[in-house]
Protein chains: 2
Amino acid sequence: MGVTLKELAASLGLSPTTVSRALNGYPEVNIKTRQRVADAARAANYHPNTRAKSLATGQSRAVGHVIPISTSHEIVNPIFADFIAGAGEAYSRAGYDMVLSVVPDAEEEAAYRNLVARGTVDGLMVHGPRLHDDRIGLLHDLGLPFMVHGRSSGVNTPYSWLDINNRRSFRRATEFLLDLGHTRIALVNGLEGMDFAMRRRTGYLDALEAAGIAPDRALMRTAEMTEPYGHQAGRELLRLPDPPTAMLASSMIVAYGLRRALTEVGLQPGRDVSVITHDDDLSYMPNGLDVPQFTATCSSVRDAGRKAAEMLLALVNDPDLGPINHLMETRLVLGDSTGRNRL
Amino acid sequence: MGVTLKELAASLGLSPTTVSRALNGYPEVNIKTRQRVADAARAANYHPNTRAKSLATGQSRAVGHVIPISTSHEIVNPIFADFIAGAGEAYSRAGYDMVLSVVPDAEEEAAYRNLVARGTVDGLMVHGPRLHDDRIGLLHDLGLPFMVHGRSSGVNTPYSWLDINNRRSFRRATEFLLDLGHTRIALVNGLEGMDFAMRRRTGYLDALEAAGIAPDRALMRTAEMTEPYGHQAGRELLRLPDPPTAMLASSMIVAYGLRRALTEVGLQPGRDVSVITHDDDLSYMPNGLDVPQFTATCSSVRDAGRKAAEMLLALVNDPDLGPINHLMETRLVLGDSTGRNRL
DNA sequence: CAATCTTTCCAAACCGCTTTGGACGCGAAA
DNA sequence: TTTCGCGTCCAAAGCGGTTTGGAAAGATTG
């Protein structure tokens with residue numbers, strides 16, 4: 001493999017101690033020696049062995065992400081890739097490694113315990129929190145710093161999280177549709193076991209209630225967010241005796257499905273039926289090339305990943321930091337998919 | 001953190017040596033002692049420290065995936081999540097960790113060198129190979145086992161890869177369209193710097209040539225695979241003086257865009273214009289709920305991840321294994337998006 | 001019964017790094 | 001001159017495992 005510290009030291013006629021100190025910026029080494037060491041290290045392409053270093057320091061300089069695969073749905077969250085990309089950027093900038101554990105949700109707890117007991121990581125990221133998520137209590141007990149991407153309603157112990165303001169976001173979107181004169185507004189949501197979906201529904205209901213409109217269960221759908229789901233939900237909604245004139249989608253890909261359902265029966269988004277979607281700003285799913293195709297509540301999940309990673313590293317470097325939170329607001333971008341209610 | 005071997009040994013009145021051997025299945029330990037140790041280890045939730053173990057054995061029991069982020073496009077490959085999910089499954093089953101390095105493509109080489117020099121991983125996975133990809137030569141020199149997901153034309157040194165038969169797959173799809181009477185067939189491809197895109201184009205051209213049809217540059221598009229790209233490409237193709245009657249899409253999401261372009265001008269996929277797409281069988285992008293919405297060349301990228309990971313582990317465990325390859329055929333599934341040429 | 005294996009265990013070295021506790025030489029202060 | 005402090009370096013003890021080379025006791029053999 002690579003050169004070892006010992007070899008490097010020998011080639012310089014110095015002790016490993018001095019070389020180590022020179023490279024790690026300790027004061028007790030002559031400036032000329034330090035320079036000599038630095039040059040030699042570069043020339044030999046010396047990189048300290050990760051395992052040895054972390055064994056000696058007690059820190060692994062790595063963080064873990066546990067990705068749950070729902071055994072019932074076998075689905076991988078599409079936002080995962082962009083979140084990881086953002087987080088990975090922050091990690092590599094800080095010189096941290098990222099280790100990923102992909103596990104069926106039944107083995108999630110074991111996965112967390114494993115990573116902690118084996119000392120593989122200094123911190124953990126929790127993805128896809130559900131309502132009353134057990135993992136938070138578990139991680140609290142395990143004692144390693146962790147960040148949650150999202151929140152978990154019903155959990156009492158304080159914890160660190162980063163989330164978007166799902167509730168306000170969907171309230172805002174609903175109000176926007178109400179202002180356009182819509183009163184029959186459908187919500188095509190994600191799986192409601194997920195915390196974010198519940199919050200979105202709450203925001204939607206908030207707005208309806210404020211407007212004095214009674215919610216209609218027939219207008220509220222929930223499922224794993226795919227295009228065919230959006231399509232089917234759209235078709236069913238349009239076939240209702242009193243169909244909605246506006247629809248709220250929980251993701252861009254669901255909105256694609258809704259649009260297909262509309263155009264299939266000759267309806268045009270924005271003119272005949274309004275559609276607003278949440279847009280995670282996924283790199284491979286841009287909201288139009290130049291102008292936005294959908295009116296959307298927009299928030300970059302990549303930025304979220306970057307920020308969440310930075311927060312996690314802050315927690316790792318200062319364990320006394322206590323729970324830290326960050327709530328990101330979304331911005332409402334106007335596209336062609338919304339318009340006045342013409343009924 | 002967790003219990004250490006030394007502590008466990010002390011609590012049992014045994015030496016660390018014996019405990020280590022008992023846990024690792026060495027023969028020179030009494031069956032009763034072994035049992036006693038196993039019980040105690042389970043009771044104490046003992047897991048050997050990753051770093052110490054790998055330092056002692058010289059193996060990290062981890063593999064690295066370097067994910068390049070194109071600095072020009074800033075795009076994360078959408079198939080990445082499912083591939084990782086498949087690979088991760090194989091790794092955790094084998095007791096290996098997966099470490100991810102997300103880096104701008106300019107720093108890719110440094111990332112590989114780093115992982116190797118620091119001894120962080122025992123093997124590497126290469127994603128998104130381009131034509132004449134430098135990384136293969138680099139990894140060859142670095143001497144660590146590696147697998148390429150895809151291939152790289154123009155590379156002479158032998159290497160291990162897993163790929164789908166892109167060429168035959170697109171030749172087959174094109175022939176299918178030719179059999180339906182289509183002669184003006186468009187190819188809406190991915191970025192042609194990518195090896196897979198080049199192969200698909202070749203398969204497409206093979207079929208045209210065999211049918212005695214001269215390729216038309218106006219019918220061949222290439223870009224990053226997004227829905228808006230598919231939409232735009234579809235619009236432009238339909239506006240040609242002599243528009244295509246069939247289209248080949250490089251991914252499901254591009255096909256969504258094509259379909260939008262068709263329906264926008266009142267054309268129906270399958271009846272008026274035929275569309276075939278490649279389908280990576282992404283979990284969040286199913287090809288219809290019950291019946292396939294698109295005729296597609298289908299191959300699960302998740303299975304590919306699983307298989308590629310298994311191959312990489314085989315290489316890690318037997319360095320003399322030499323280059324191993326696996327070529328997966330796609331299956332053509334029939335959907336509603338194709339039909340006879342009615343012109 | 002002595003000699004020779006086996007079985008079962010342990011002490012100690014080692015993996016590659018960090019870090020503690022000096023050692024040594026030199027200039028400044030007493 | 002002696003003492004002290006400082007700058008610069010090093011030897012050695014870890015970190016938590018694995019592994020080599022015995023050692024002691026019991027079983028087997030001639």
Side-chain angles (χ1 to χ4, degrees), chain A residues 1-38 40-41 44-62 95 97 114-122, chain B residues 1-38 40-41 44-62 95 97 114-122:
Chain A
M1 221 123 293
V3 204
T4 71
L5 209 180
K6 205 183 293 181
E7 292 166 4
L8 186 63
S11 80
L12 284 162
L14 290 170
S15 78
T17 308
T18 305
V19 175
S20 170
R21 288 185 158 152
L23 293 173
N24 291 318
Y26 283 79
E28 56 268 270
V29 41
N30 188 295
I31 179 74
K32 291 201 63 171
T33 311
R34 184 189 302 284
Q35 195 49 251
R36 212 157 59 88
V37 170
N45 188 35
Y46 170 77
H47 292 271
N49 182 291
T50 316
R51 312 172 308 225
K53 181 162 191 160
S54 57
L55 183 57
T57 56
Q59 297 209 334
S60 62
R61 290 193 76 78
D97 287 327
N114 236 307
L115 287 174
V116 175
R118 295 188 308 151
T120 314
V121 296
D122 294 336
Chain B
M1 219 125 293
V3 205
T4 71
L5 206 171
K6 205 182 291 181
E7 292 166 4
L8 186 64
S11 80
L12 284 162
L14 289 170
S15 77
T17 308
T18 305
V19 175
S20 170
R21 289 185 156 153
L23 294 172
N24 290 317
Y26 283 79
E28 56 269 270
V29 42
N30 188 295
I31 180 73
K32 291 200 64 170
T33 312
R34 183 190 303 283
Q35 194 51 251
R36 211 159 59 90
V37 170
N45 189 35
Y46 170 76
H47 291 272
N49 183 291
T50 315
R51 311 172 308 226
K53 182 162 190 160
S54 56
L55 182 57
T57 58
Q59 297 209 331
S60 61
R61 290 193 75 79
D97 287 326
N114 236 307
L115 286 174
V116 174
R118 295 188 309 152
T120 314
V121 296
D122 294 336

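In what follows, every chain begins at residue 1, and chains take the letters A, B, ... in the order their sequences are listed.
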- Query: Do you know the tightest heavy-atom contact between A/Pro16 and A/Ala9?
  - Reply: N-CB, 3.7 Å
- Message: Ignoring hydrogens, what is the shortest heavy-atom contact between A/Pro48 and A/Lys53? Give both atom names and the distance.
- Response: CG-NZ, 4.1 Å
- When the distance from CG of A/Leu55 to C1' of D/dC15 is rounded to whole Å, what number comes out? 4 Å
- Query: If you take all heavy atoms of B/Gly119 and B/Ser60, which pair is closest and at what distance?
  - Reply: O-CB, 3.9 Å
- Item | Qualifying residues under side chain to side chain contact (heavy atoms under 4.5 Å, CB included), relative to B/Asn114, sequence neighbours excluded | A/His47, B/Arg118
- For residues B/Tyr46 and B/Leu23, report the shortest heavy-atom separation together with the two atoms involved. CE2-CD1, 3.5 Å
Please table the atom pairs, donor to acceptor, closer than 3.5 Å between any side-chain atom in residues 27-35 of chain B and protein atoms at least two apart or in another chain.
{"from": "B/Asn30", "atom 1": "OD1", "to": "B/Lys32", "atom 2": "N", "distance (Å)": "2.7"}
{"from": "B/Arg34", "atom 1": "NH1", "to": "B/Ala22", "atom 2": "O", "distance (Å)": "3.0"}
{"from": "B/Arg34", "atom 1": "NH2", "to": "B/Tyr26", "atom 2": "O", "distance (Å)": "2.6"}

- Message: Can you pull out every side chain to side chain donor-acceptor pair (under 3.5 Å) where at least one residue sits in residues 6-17 of chain B? Sequence neighbours excluded, please.
- Response: B/Ser15-B/Thr18
- Can you measure from CG (B/Asp122) to OG1 (B/Thr57) and round to the nearest 0.5 angstrom? 8.0 Å
- Please report, rounded to the nearest Å, how far the P atom of D/dC9 is from the CG atom of A/Leu5. 15 Å
- Let me know the distance between CG of B/Leu8 and C1' of D/dT18, rounded to the nearest Å. 15 Å
- Query: Of all of residues 25-35 of chain B, which get a heavy atom below 4.0 angstrom from DNA chain C, listed by number?
  - Reply: B/Glu28, B/Val29, B/Asn30, B/Thr33
Report all interatomic pairs (protein N or O, nucleotide N or O of nucleotides 21-25 of chain D) with separations under 3.5 Å.
none

- Item | Interatomic distance where CZ belongs to A/Arg51 and P belongs to D/dT18 [whole Å] | 14 Å
- Message: Suppose we screen for side chain to side chain donor-acceptor pair (under 3.5 Å). Which residues come up paired with A/Ser54, at least two apart in sequence or across chains?
- Response: none
- For A/Thr50, check side chain to side chain donor-acceptor pair (under 3.5 Å) against everything at least two apart and list the hits. B/Thr120
- Message: Rounded to whole Å, please give me the gap between CD in B/Glu7 and C1' in D/dG16.
- Response: 10 Å
- Assign each of B/Ala56 and B/Val19 to its nearest nucleotide of DNA chain C by heavy atoms, then name whichever residue's nucleotide is nearer the 5' end. B/Val19
- Query: Over how many whole Å does the gap from B/Lys6 atom NZ to D/dG17 atom P extend?
  - Reply: 9 Å
- Message: According to side chain to side chain contact (heavy atoms under 4.5 Å, CB included), who are the partners of B/Ala44, at least two apart in sequence or on a separate chain?
- Response: B/Val3, B/Leu8
- Overall bend - the helix from C/dC1-D/dG30 to C/dA30-D/dT1, comparing terminal axes fitted on five pairs, nearest 10 degrees: 60°
- Message: For A/Arg61, give me all partners under side chain to side chain contact (heavy atoms under 4.5 Å, CB included), at least two apart in sequence or on another chain.
- Response: A/Tyr96
- Task: Give a yes/no answer on whether the side chain of B/Ser20 brings an N or O atom under 4.0 Å of OP1 or OP2 in D/dG17.
- Result: no
- Outer limits of DNA chain C sitting under 4.0 Å from a non-hydrogen atom of chain A, read 5' to 3', are C/dG16 to C/dG21
